Every structure is written in structure tokens, then in C-alpha cells.
Amino acid sequence: MHALPTAAREQAGRVLSVGAFVATLLIVWETYVRVSGIHPTILPAPTRVLSEGWRFRDLIWLNMLPTLGETAVGFVAAVVVGTTCAIAIDFSQAVRRTLYPALVASQAIPLVAIAPLLVVWFGFGLAPKVIVVALVTFFPVTVGWVDGFAAAERGATNLLRSMGAGRWQVFRLVRLPGALPAFFSGLRIAITYAVVAAIFAEYVGARRGLGIFMQQQQNSFRTDLVIAAVVVTAVLSIALFAATAVVERLVIPWHYATRQRT
Amino acid sequence: MTAATSTPRLDVRDLRKAYPGTGSVLDGVSLEARPGEFVSVIGPSGSGKSTLFNIVAGLEAPDGGEVRVDGALATGRIEDCAYMPQQDLLFPWRTILDNTTLGLEVQGVPRGEARARAAALFPRFGLAGFEAAYPHALSGGMRQRAALLRTVVQGRPIALLDEPFGALDALTRLEMQTWLAEVQAEFGWTVVLVTHDVREAVLLSDRIYVMTPRPASVRATVEVTLPRPRTPAALGEPAFIEAERRVLAALQLGPALTAAEAGR
């Protein structure tokens, strides 16, 4: 009976405590800058970050769009590639034995070393950024699927087989829907890496984007604008994470309904 | 009873199965069920009842012996038996109606027809009004009834029930047993039930096969002559008590039965 109001109150309490924490941090920061008189090229006050960020909002917006685009394209590519790999791994032991170690190895590639090479190979355009984003994000997606497929109960497989189901039907009716929660867990991890990966790729070489913007502002000692860009990055990441969570609720409402019960 | 036909619906002859490592699991198991009969298989835990079911359902191949359905060789055929596993295994992402049509869907029955066939059984299964509900919203008893509906709606000659009420509380279980006795008699299903529950076996069955511990064979066959369907009132009948006593005696005579198992 009181479940809902309690949950709502808890939620409100959480938001409030996070807000209070951030506010305290900002006040301490602002006070320190004002009292110490530290130069804004070293540490600008939050109010300055805000006002200068707002003054250059058109420029920041213009640089945010390519970053968002690279993130989206790379992320979608990662989901497509990761899903394909996971299905192949699920269907074939041979693929699992060859592909899985290669996937793990792909995560050991130092991006710092490979990113400049990608620029050399693919130029300053979209391709190297998309590759970096996809390289970083497809792994959690693949592992999410593979774990999810493996979690299918043996009993459920036997039941389907007793009904006369072939391998593809077992996959489509049991393994695939059953793996969706694990897939979305992987997706939420992936999306938090995605924006940072795009910015990293831009840092190495780009015409526009938050990454190259940060680098340019740093070179002109506009620390306030660098921090403004960092804030925009954080907001972007949180927004994409939230969007993923919303999609998850829409696609697998049964998962949450089941979890609330047990 | 109309079970006077000479060919049994299900005829299991001398099944043998061994696994590398575990050794012999089934050591010549034979049983039969005539059309409309309800037979039970009872035995100690780990006595190979699941293996027996998997072979009868056609999911595993025996090392020896054969399965006949209506006289025809059916070893390894999956089309003859509808199988109800221990857990209800209702999929949380499907509504109850869509869960119950699963078997028909697999067999390629058009969606509309499958839904109509399953929906027609909902009232008798006490599930009317829950067609669009998801499994988490149902009680344990209702979930088991939905799982049974999913089993019998496939229209296969034999229903294999693997400890269907094991997870239910005692009162719900008795209620479910009484209900199952009624609908089984009403629809004339041929049922093979695996159970650990002596009272359940006696309440529901025409015949009970008592298994030895592994490697399993049939130690005793107990006929229950009381008219079916039986209600909990039958629990006090002398014939009921006598059947129960004979099953228990057969179970406890096992030389390999430990004191702990015998006391369960």
C-alpha cells in the first residue's frame, strides 16, 4: 500500500543528497578561488566557467554536434558488430574458441598508440573516431549477449526440444529474449565509455568536436572553456545513459516487473 | 474403465542407459499406460527418473530397450509426448496466453488458431481473465496450471509430468492434485507422472511403478483399484491406505536405501 510513496520519497531523498553534495563542492571551489585570488588560467571559478561557457555557447554547441554524431555512429556499429559476434559465438564452439580470445585481445590494444595510427590511415574525417568508439564499446555489448545466452536454463531448452523446436527456434524463443537484460547491462556500460572514446579520438586529430575544442582552448590558456566542455561532456554522457535506461524499460518491461516481485 | 483395448498407448520395454563416469542409470525399466490411464513412477532421489523421462520424451537415446506408442516403435521420436518439467518455466517476457501457445507455435500452428485453442481451455484451468497477465502476477498454483495447459494443449497422445507440484505448499498441492484428477478424467489424457510423494501417486494413479535406487529398475507395481477421479475423501479409504502401505513397503525394502532416505 505504502510502497509507492516510500519509493518516491527515497528517490527524492537521493536526488536531494546528490544535489547537496555537488552544491557543497561548488561553494568550496568558488570560495577558494575568490579568497586565494588564484589566476583563472590555472583554476577558474565555477561562476566564470558558467558565464564564459554561456558566452561561447554557439561555439561549444557547434563542437558538440560532431562528437555526438561520432558517438552515435560508433555505438550503433558496436551494437551491430557485437551482436553479430555474440550470435556467432553462441552458435559455434569453433567460433567461440577463435573469436573470444581475439575479442579479449582487442581490449588490450593501447588506444593511445593506435589512435594516431588510425588518423594516419583514415584521415581527419569520421572513420577513425567511429572506429575508436566502436572498439571501446563493442566489448561490453558482446560479453553482455554471450553471458545472457549462456544463462538460458537447460530445462527451458529441453522443454522447447520436447516440443520439437530446432536450434534456431530455441535461440529465438528462449536464448535471445532471455539474454536481453544482460545485453542492456552491457549497453549501459558501453554508452558511458562511448562519449569519452569519441573525445579521445578527436584529441588526436579532428577539425571539429569537443575533443579538439578542449585541446585548442587549453593551448590558448582558456581553462574556463576547457572545464565548460568537460561539463558538457558529462551532461552528454549522463543523457545518453538515461536514454539507454529508458529504452531498456520500454523493451523489457517484464524484467522490471519480475524483479519487483522477487 | 474404458481401458480394455489390448495395445497400450505407451509401452516402455527394458530401457537401459549408462553414462560415462556415473555408470548404469537405468537397468531394464519397463512400464505401460493404456489410453486414459494415469500411471506414476515413484522412487528415491537420483534414481534416474529424469533420464527415464528424457528417453520416453525422445530427448535422449537409450543404450537398450524400446519405446512403443500405440504399438508402433517410437524410440527417439519427440512427437508423441508432451512434457511438463519440474519448474513451471513460464517465460517472463510472454503473457500467460502466449506462454501456453508456445508448443503450438513451435509446431507451426497459425497464431490465431493456437491462441483460440489455448484460450478455450483457460476457464477449465482456472485462468480465465489472466490471458494477458505476465507470469510474475500469478500464484504458484496458477503458474503450474498454466504450465499444464501449455503441455496438454499440444494434443499429443501422452503427457509426461515431472514432479509438477513439488514446489507448492501442502494445501495448494492437495487442491491441485484433486483438480488434476478431475480434469484428467474429464479430458481422458494418458498421463505418466514422476513424483516423490506417495500420497500423490496413490491419489492420482491407476498404477504405480516403484523404482529401485540407481541403477533403476521397477521393484514393484501397485494397482490402485479405487474409482477415479478421487477426492481427498479417498485418503481414509481402506483400499487407499493399503495401496499407500504397499508403496511404502516397496520403497523401504531397498537394500541400498540409507536410513536418512528411508526416514524422509
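In what follows, chains are A, B, ... by sequence order, proteins preceding strands, each numbered from 1. Worth saying up front: this structure is predicted, and the values here are computed from it rather than measured.
Between B:Pro85 and A:Asn158 there is no side-chain heavy-atom pair separated by less than 4.5 Å. Residues A:Arg161 and B:Val106 fail the side-chain proximity criterion, which asks for heavy atoms closer than 4.5 Å. Contact annotation: the side chain of A:Val174 approaches that of B:Phe91 to within less than 4.5 Å [non-hydrogen atoms, C-beta and beyond]. Looking at A:Met163 and B:Ile78, their side chains never come closer than 4.5 Å, going by heavy atoms from C-beta outward. Using a 4.5 Å heavy-atom threshold, the side chains of A:Leu159 and B:Met84 count as separate.
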CA sep, side-chain torsions, deciding dist, call: B:Glu105, A:Gln169, side chain to side chain contact (heavy atoms under 4.5 Å, CB included) | CA-CA 10 Å; B:Glu105 193 181 324; A:Gln169 277 179 315; over 6 Å; no
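Note that the CZ atom of B:Arg94 and the CH2 atom of A:Trp254 stand 12.0 Å from one another [nearest 0.5 Å].
In this structure, chain A has heavy atoms under 4.5 Å from both the backbone and the side chain of B:Leu102.
Contact tally against chain B (heavy-atom pairs below 4.5 Å) for A:Gly164, A:Gly166, A:Ala165: the top residue is A:Gly164.
Within a 6.0 Å sphere centred on OH of A:Tyr193, other residues, nucleotides and ligands contribute 12 heavy atoms or fewer. Shown here is B:Glu186, whose CD atom has more than 12 heavy atoms of other residues, nucleotides or ligands within 6.0 Å.
Contact detail for B:Tyr83 and A:Ser162: the closest heavy-atom pair is CB-OG, 3.6 Å.
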